[in-house]
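Note sheet for the following structure.
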Amino acid sequence: MKKIKFYILITFFFCVGLAKANSSNDYLIHVSDYYDKHPTYIKSFSIGYWIPQASILKKSSKLIFTSSASCTANHYGNLILSFEPHIFFNPLMKTLYGDISTKIYGNTGNIITTIKSEDEIQGSLNILHERLIDQLYRKILVKLQNQISTNEKVNFYLSQKKDPVEGSFCLLFN
């Protein structure tokens, strides 16, 4: 009886493991840790903040790209989106400018296309600067999502029904 329970338990964990490994997302999101290790300095009139952009962008992208996962081992997706964020604050106009350059990879490891999205948002730079940056990134990512869905190269690649990409591919980026 104990052997039967053991084999049933092993079979259950094996099936659950296969289901998770084969589940596929639309996108695998990659933001280099470089943007956290080397934060951007944003200065207002009298105060300034060191901004670790990668962690803020990862959180924002999870909210916009709902069918996505981080680009790590045992995650699968149809496309890999590699983000490169850049922000600038103009204290006179109280405007935060930002752009995200996105490289889109397929399962062969080649870049399908590169898309650059940019936008701006009004607001004061204060102790809650992460909220302002998160709002800007969300605004840019919504634009990016629309650009990806209308991009001819991406649509052509997706129409070919290629195998999903495994997330350990992103180890090459760091």
Atom pair CG (L81) and SG (C170), whose distance is rounded to the nearest 0.5 Å:
9.5 Å
Output, in order, the C-alpha distance, side-chain angles, deciding distance and verdict of side-chain contact (heavy atoms from CB on, under 4.5 Å) for Y49 and I127.
CA-CA 8 Å; Y49 299 99; I127 193 76; 4.3 Å; yes
dist S68:OG -> H75:NE2 (nearest 0.5 Å) comes out at 10.0 Å
Give me the one residue out of V31, D36, I133, I87 that meets side-chain contact (heavy atoms from CB on, under 4.5 Å) with I56.
I133
Find out if a path of hydrophobic residues (ILVMFWY) with successive side-chain heavy-atom gaps under 4.5 Å connects L63 to L128.
no
Would you check, one step at a time, whether the test side-chain contact (heavy atoms from CB on, under 4.5 Å) holds for Y137 with I64?
CA-CA 10 Å; Y137 282 157; I64 301 301; over 6 Å; no
Sorted by chain and residue number, the ring pair (Phe, Tyr, Trp, His ring centres under 6.0 Å) partners of Y35 (sequence neighbours excluded) come out as none
Can you list every salt bridge (Lys or Arg N to Asp or Glu O under 4.0 Å) pair that touches residues 67-77, not counting sequence neighbours?
none
At their closest point, which heavy atom of S24 faces which heavy atom of N78, and how far apart are they?
OG-OD1, 3.7 Å
Can you run down the salt bridge (Lys or Arg N to Asp or Glu O under 4.0 Å) pairs that involve residues 37-60, sequence neighbours left out, and say none if there aren't any?
D33-K58
By ring pair (Phe, Tyr, Trp, His ring centres under 6.0 Å), which residues pair with H86, not counting sequence neighbours?
none
Are L92 and F45 packed together at the side-chain level, in the sense that at least one heavy-atom pair is separated by less than 4.5 angstrom?
yes
Should the pair H38 and Y34 be assigned to parallel (<30°), tilted (30 to 60°) or perpendicular (>60°) ring geometry?
tilted
Acceptor/donor pairs from residues 100-118 side chains to any protein atom, 3.5 angstrom cut, sequence neighbours excluded:
| from | atom 1 | to | atom 2 | distance (Å) |
| --- | --- | --- | --- | --- |
| N107 | OD1 | Y157 | OH | 3.2 |
| N107 | ND2 | D163 | O | 3.2 |
| S117 | OG | Q147 | OE1 | 2.4 |

Looking only at non-hydrogen atoms, find the nearest pair between L132 and S124 and report the distance.
CD2-O, 3.8 Å
Partners passing ring pair (Phe, Tyr, Trp, His ring centres under 6.0 Å) against F156 (at least two apart in sequence or in another chain):
none
For the NE2 atom of H129 and the OG atom of S44, what is their distance to the nearest 0.5 Å?
12.0 Å
So if you build clusters from Ile, Leu, Val, Met, Phe, Trp, Tyr with side-chain heavy-atom gaps below 4.5 Å, do F89 and M93 land together?
no
For F169 and C71, run side-chain contact (heavy atoms from CB on, under 4.5 Å): C-alpha distance rounded to whole Å, both residues' side-chain angles, the deciding distance at 0.1 Å, then the answer.
CA-CA 8 Å; F169 174 76; C71 196; 5.6 Å; no
CD on E130 to OG on S60, rounded to 0.5 Å
10.0 Å
Any side-chain heavy atom of L136 within less than 4.5 Å of one from I140?
yes
Aromatic ring pairing Y41/W50, orientation class (parallel under 30°, perpendicular over 60°, tilted between):
tilted
Please report the interatomic distance OG1(T72) to NE2(H30), rounded to the nearest 0.5 Å.
10.5 Å
Can you give me the closest heavy-atom contact between I29 and F83, atom names plus distance?
CG2-CE1, 3.6 Å
Using the rule given for side-chain contact (heavy atoms from CB on, under 4.5 Å), can you reason through L141 versus F65, listing the C-alpha separation, both sets of side-chain angles and the distance that settles it, and then say yes or no?
CA-CA 8 Å; L141 289 171; F65 296 105; 3.8 Å; yes
Heavy-atom closest pair, residues I148 and N155
O-OD1, 4.4 Å
Side-chain H-bond candidate by donor/acceptor type, T95 with E120, under 3.5 Å:
no
Nearest heavy-atom approach of P39 to P52 is CB-N, 3.9 Å
Taking all heavy atoms of N74 and all of E166, pick out the closest pair and write down the distance.
N-OE2, 2.6 Å
Distance in Å, N126 CG paired with R131 CZ, rounded so as to fall on 0.5 Å steps
9.0 Å
For K94, is the NZ atom crowded, meaning more than 12 foreign heavy atoms sit under 6.0 Å from it?
no
Take atom CD of E152 as the centre, draw a 6.0 Å sphere, and report whether it contains more than 12 heavy atoms from other residues, nucleotides or ligands.
no
Linking I/L/V/M/F/W/Y whenever any side-chain heavy atoms sit under 4.5 Å apart, do L125 and F88 land together?
no
